[in-house]
Amino acid sequence: MDPRRIVVAVSGGIAAYKAPELVRVLTGAGHLVRCVLTREAPRFVSPLVLETLSQQPAGDDLFDSRSGEIDHIAVADWAELIIVAPTTANLIAKLAHGITDDLVTAVILATRAPVLIAPAMNVNMWEDEITQRNLALLRDRGFETVGPDAGELACGWQGEGRMSDPGVIAEAAYRVLTAPSLHGQRVIVTAGGTSEPIDAVRSITNRSSGKMGFAIAAEAARRGATVVLVAGETPLATPTGVERVAVSSALQMHEVVLRELASAQVVIKAAAVADFRPRQTSERKIKKEDLGPDAGLQIDLVRNPDILADVCREVKQTGGRQVVVGFAAESHDVIPAAQRKLERKGCDLIVANDVSRTDAGFNVDENAVSFIWPEGEIEELALLPKARVAAELLDRVEKLLGENA
Ligand code: CTP
């Protein structure tokens, strides 16, 4: 996402200690951040910390004669988004009723930017009818919310009331800032490597962290798509708002993708599918002592189905209008090999990446890809974070959807 201007408003609750981390996440992603605090917030978090992390003055006084730098209207106009984290029950009540007795409430009433609130409070305060009514008023006015999560609360109670983690709040913020350009579209994304069992403990797999596919799924969800992420074995957390279908082998992935195809508008095959599987799988662990001393193991491998090719064939046969995108992991002759792959499989677009590079592709957060089009056009992208590659790819997918409509 291009750098955005985000105000982080902090109110006086114990969860304010997480506000600096939120600022760090946002500035780390390249966004410009300004912080405003309620009068009580400095009792929980130092404005100096927020100022240092945001590189901007952080105020808590509506009538700050000290610096004269915090003008609530200027801050309200500057913001493209206001995140209120944490949002106490008191602040929810004041915002719901238009009370502007401090800098935070004044900035929020004055802004035309969307407001995302991250409530944090004791579970009884959260569940109290008046809080819920106030919240409903805010939602009616278009306020977005993230959390609270359930768990152990700082006050000792268990239940809902924990402020969401900074990463989750940031993700919710990006969603608010992203136009819902894929709303109404069902997108299947495959990610990660498949694993083909040899015996009870051993398997053949492809090297893949799944990061590229997960980034695509996250971006598609941000753009409002219904996303089905068919993922091989990877420890990556499921992106917010994404339905994850866990698979292990290529045959399982094949079954799920072809089952989901009819109800989807887009299929993006970022998975590293193992091309071969053992003809036979032993349910028991193969013991070396049974093989004899120094004996090797011969494994008879058979070809797995080509999921992408089968998807393209099915789309053609049924006269479907799905946009189908493949990936090409190549170690040499990248572009010609990817072009042959595009033709062989018959998809709308191939994303080629050079897996021999150490700074891109496998297991790292950046990727250098080329988009290979059926008409022969090649678009070479610079080395970019995978989230950016995902956004560039989905821009192309949206264009293809527009042409298919
Ligand atoms: N793919 C697939 N099913 C397979 C193999 C690959 O759906 N059995 C998909 C991948 O998800 C990717 C594209 O096909 O979108 C290309 O995968 P890649 O591993 O680069 O190439 P292969 O088709 O396996 O060909 P080769 O290994 O010979 O390069």
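Atoms within each ligand, like the ligands themselves, are counted from 1 in listed order.
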>> For D199, is there an ion pair with R202 - N to carboxylate O distance below 4.0 angstrom?
In response: yes
Side-chain donor-acceptor pairs of residues 140-163 under 3.5 Å, sequence neighbours excluded:
from: T145; atom 1: OG1; to: R139; atom 2: NH2; distance (Å): 3.2
from: E160; atom 1: OE1; to: W126; atom 2: NE1; distance (Å): 2.8
from: R162; atom 1: NH1; to: E152; atom 2: O; distance (Å): 3.2

>> Just to be sure I understand the cut-off, which residues have at least one non-hydrogen atom under 4.0 angstrom from an atom of ligand 1?
In response: K269, A271, V273, D275, P305, D306, I307, L308, G326, F327, A328, A329, K341, K345
> Do the side chains of V187 and I216 get nearer than 4.5 Å, heavy atoms only?
Replying inline: no
> Judged by atom type as modelled, is there a donor-acceptor pair below 3.5 Å linking the side chain of S11 to the main-chain atoms of L91?
Replying inline: no
> What residue pairs, at least two apart or across chains, pass ring-ring contact (aromatic ring centres under 6.0 Å, His included) with a residue in residues 325-355?
Replying inline: none
> Which pairs with one or both residues in residues 160-183 pass ring-ring contact (aromatic ring centres under 6.0 Å, His included), sequence neighbours excluded?
Replying inline: H31-Y174
